[in-house]
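See below for the structure under consideration.
All chains are named by letter (A, B, ...) in the order of the sequence lines, taking the proteins before the strands, and each is independently numbered beginning at 1. Heavy-atom basis, side chains included; hydrogens, waters and symmetry copies ignored. Owing to the predicted nature of the structure, the values given are computational and were not obtained by experimental measurement.
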There are 2 protein chains.
Amino acid sequence: MQGLHGRVLDALGPAIAGGAHPAGSVLRIEELEERFACSRTVIREAVRVLESMNLVSSRRRVGLTVRPREEWNLYDPLVIRWRLAGADRAHQLRSLSELRSAVEPVAAGYAARRATAEQCGELVGLAIKLAATARARDLRAFLEHDIAFHRLVLHASGNEMFGRFHDVVGEVLTGRTEHHLMPAEPHPTAVRLHADVAQAIQCGDAERAEAAMREIVVQAMAEMTPVFDDA
Amino acid sequence: MQGLHGRVLDALGPAIAGGAHPAGSVLRIEELEERFACSRTVIREAVRVLESMNLVSSRRRVGLTVRPREEWNLYDPLVIRWRLAGADRAHQLRSLSELRSAVEPVAAGYAARRATAEQCGELVGLAIKLAATARARDLRAFLEHDIAFHRLVLHASGNEMFGRFHDVVGEVLTGRTEHHLMPAEPHPTAVRLHADVAQAIQCGDAERAEAAMREIVVQAMAEMTPVFDDA
DNA sequence: TGCGACCAAAAAGTCATACTTAATCGATGC
DNA sequence: GCATCGATTAAGTATGACTTTTTGGTCGCA
């Protein structure tokens, strides 16, 4: 995200999502021009985006009113990111983790029914890499393969809505690392469960894929409970 | 959505989402000015929105390149609506229904753990209304209560991500009616299942709530299979 | 022939100004 | 207290000028 447009959006979006402008508060284009030291064009274009996310609503003679969070497009990748960057981070991580516990098991089930042979091979390969990087305590690489694994399962589900959920998963998995919630060595159970998922998908065993994935997600949530309790 | 901005968005969004401009095709601001007979300002502002949805990417000396569907913000309520309005409707209904089968049971489970007494009362009330309107074969009112029921369950989950999923549910439930897939009288089983969900939530029985909701969604999917097979 | 450097031109990005429009708010009248 | 009217506010739109980034073609060299 570059240019002045991107700069304004990357400042104003998080400010709103982070609560600096509570619901009901009113901003005016003129004051934003001054704040960001740019032209009305740039502000208007950024505001159009925020409006389409339902973060604000624009009205003549009033200005831009910040909408309540319940109205925001909470699935917008930018909104997710902005919220994760703010004081609401723990709360958002919890919400996303719960959502994940709904989506990923079912996606794994569909993957077991629909994955191509190539995807199966790749999943097994990633599961092996996960085991290797866990053993080597290479957390960076582990995260990388973990994200890739989940992304591939979602994609292999053959449902583009599941596929597009990878943004959420990536953010949650990354968030774990940033909160130092990754144990020095990932649980052997977690590693095994990933292999289980890969194998179940390869065998076309939807129920097993679903169950194993559910365990992965439930375990990940348990590991994050300390953060949630801050919320 | 009013004004020229809204008009352009409401024409260009569906055109892209509906495949009139395939991935890789390039539009230019100048030609859009001519097509929509408005100023560059309006086009640029609309384009900013489409860009933030990842429908297009803008580049100097190239123009606006339509992105592949895998990159679109598929969870954006407008994108969902545009796709449902296009030739992809059946496919999108299927994808959304599968997603629904993931999300709603788990949301019902959380609702069983978190719903307020007031919400429980309201759910039971809606289940009663569903039964009455089904018996009276008042499909319009049935749909209305059905949507309200699901919306409330999602809200009662106490997770704003589930709560915000109500757009998806509303579109899918409404889509059934538009495809004349609503039977003359809703299945007594469906009606009973809704009551089961309401009761389970009231009793704090998460497993039962989840199981009953899963059955509702699975049954709804089965009823839509004829449409899916067109996809 | 292939590669790198250079430059003109294309198309978006930004700015400024003017005009239009919708809607809010205050005053007035009943 | 409510309805109407009109002025004013702040967003919506248009236009033209200028800036910036980047693409694509040309040229030179090995």
Practice task
State whether A:S58 places a side-chain N or O below 4.0 Å from either non-bridging phosphate oxygen (OP1 or OP2) of D:dA10.
Solution key: no
Handout entry: D:dT23 OP1/OP2 closer than 4.0 Å to side-chain N/O of B:R59
Key = yes
Handout entry: Along DNA chain C, first and last positions that approach a heavy atom of chain B under 4.0 Å
Key = C:dA8 to C:dT14
Handout entry: Residues from residues 21-34 of chain B lying under 4.0 Å of DNA chain D - heavy atoms
Key = none
Practice task
Using heavy atoms and a sub-4.0 Å distance, could you list which residues of residues 35-53 of chain B are near DNA chain D? By number, please.
Solution key: B:C38, B:S39, B:R40, B:T41, B:V42
Ion pair check, [X] and [Y], cut-off under 4.0 Å:
{"X": "A:D76", "Y": "A:R81", "value": "no"}
{"X": "A:E45", "Y": "B:R44", "value": "yes"}
{"X": "A:E51", "Y": "A:R59", "value": "no"}

Give, for atom [atom1] of [X] and atom [atom2] of [Y], the distance between the pair rounded to the nearest 0.5 Å.
{"X": "B:R113", "Y": "B:S157", "atom1": "CZ", "atom2": "OG", "value": "10.5 Å"}
{"X": "A:L173", "Y": "A:E144", "atom1": "CG", "atom2": "CD", "value": "12.5 Å"}
{"X": "B:E171", "Y": "B:L93", "atom1": "CD", "atom2": "CG", "value": "9.0 Å"}

Practice task
Take B:H150 and B:H155 through the ring pair (Phe, Tyr, Trp, His ring centres under 6.0 Å) test and state the conclusion after the steps.
Solution key: CA-CA 9 Å; B:H150 288 270; B:H155 185 65; over 10 Å; no
Practice task
Answer yes or no: does atom NE2 of B:H145 have more than 12 heavy-atom neighbours from other residues, nucleotides or ligands under 6.0 Å?
Solution key: yes
Practice task
Give a yes-or-no answer on whether the side chains of A:H91 and B:E160 include a donor-acceptor pair shorter than 3.5 Å.
Solution key: yes
Handout entry: Residue that, paired with A:L12, satisfies side chain to side chain contact (heavy atoms under 4.5 Å, CB included) out of A:L9, A:D10, A:I16
Key = A:I16
Exercise for the section: Classify the side chain of B:R60 and the base of D:dT20 as holding, or not holding, a donor-acceptor pair under 3.5 Å. Expected result: yes
